[in-house]
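Let me begin by presenting the structure, written as structure tokens, before commenting on it.
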Amino acid sequence: MSTLTQSQQDTCLYFGIGGAMLSATCLIQLLVLMAGFQLIHAFVMAVYIFAIVAYVLLARLRSTAPLLLAIELGLSLVALLSLLISGLFSLVASILFMYNLVVIAILYGGYYNRKLQADAVVRRAERDEWQGKI
């Protein structure tokens with residue numbers, strides 16, 4: 001029993017898959033363009049890996065995903081600015097930041113965060129109910 005409608009579940013799934021693929025594209029681009037290893041590159045790489053994890057959690061309908069995506073929004077802004085300061089302009093990184101902004105606006109504007117938390121409570125209650133019976 002889920003508190004999310006099928007349309008809301010599909011929205012989370014598609015946003016999660018799209019965000020993970022876009023983050024992986026940014027990570028691959030960074031690995032290809034990286035001439036020498038610098039501390040900035042390590043930070044940006046960690047941000048992209050964190051983004052992939054956050055979007056996979058969104059696709060799996062986890063209640064922590066909206067919070068992680070909000071944190072990732074700030075981190076992607078810092079990563080984008082650090083890339084710009086180091087002299088690299090990445091259109092894909094800019095698109096990832098805009099994508100994060102839109103996803104966060106839709107998730108919090110449509111109260112997906114509350115529905116995902118309610119869904120987690122329902123799943124936990126159902127798991128606890130069946131704990132000793134199987």
Excluding sequence neighbours, so at least two apart, what forms ring-ring contact (aromatic ring centres under 6.0 Å, His included) with F97?
none
Of all the heavy-atom pairs spanning P66 and I104, show the shortest one and how long it is.
O-CD1, 3.9 Å
From CG (L80) to CD1 (I95), nearest 0.5 Å
11.0 Å
Which residues pass the side-chain contact (heavy atoms from CB on, under 4.5 Å) test with I71, not counting sequence neighbours?
F50, L67, L75
Excluding M21, membership of its hydrophobic cluster (Ile, Leu, Val, Met, Phe, Trp, Tyr; side-chain heavy atoms within less than 4.5 Å) reads L13, Y14, I17
Minimum heavy-atom distance L107-C12, with the two atoms named:
CD2-SG, 4.5 Å
Do side-chain atoms of S82 reach the backbone of A79 as a donor and acceptor pair under 3.5 angstrom?
yes
Connected-component partners of V121 among ILVMFWY, side-chain separation under 4.5 Å
none
State which residues pass side-chain contact (heavy atoms from CB on, under 4.5 Å) with Q117; sequence neighbours excluded, sorted by chain then number.
S63
Single-linkage hydrophobic cluster, 4.5 Å side-chain cutoff, L83 and L39 together
no
Selection residues 24-34 - residue pairs positive for side-chain hydrogen bond (donor to acceptor under 3.5 Å, both in side chains), sequence neighbours left out
Q29-S90
Smallest heavy-atom separation, A65 atom then A54 atom, equals CB-O, 4.2 Å
Indicate the atoms forming the closest heavy-atom contact of H41 with L88, along with that distance.
NE2-CD1, 4.1 Å
Please identify each residue that fulfils side chain to side chain donor-acceptor pair (under 3.5 Å) with S76, with sequence neighbours left out.
N100
Measuring from L96:CG to L91:CG, what's the distance to the nearest 0.5 Å?
11.5 Å
Using the test side chain to side chain donor-acceptor pair (under 3.5 Å), find all partners of Y48 that sit at least two apart in sequence or belong to another chain.
none
Where do R123 and R60 come nearest, in terms of heavy atoms and distance?
NH1-O, 4.1 Å
Show me the pairs that pass ring pair (Phe, Tyr, Trp, His ring centres under 6.0 Å) and involve residues 55-92, at least two apart or across chains.
Y55-Y99
With Q6, which residues qualify under side-chain contact (heavy atoms from CB on, under 4.5 Å), at least two apart?
Q9, D10
Measuring only between side-chain heavy atoms, which start at C-beta, is V47 closer than 4.5 Å to V78?
no
Please write out which residues are connected to I85 in a hydrophobic cluster, directly or through intermediates, given that two of Ile, Leu, Val, Met, Phe, Trp, Tyr count as joined at side-chain heavy-atom separations below 4.5 angstrom.
none
Is there side-chain contact between L31 and M45, with heavy atoms separated by less than 4.5 Å?
yes
Shared hydrophobic cluster for Y111 and I106 (ILVMFWY, side-chain gaps under 4.5 Å):
no
Heavy-atom nearest pair, L73 first then L101, reads CD1-N, 3.7 Å
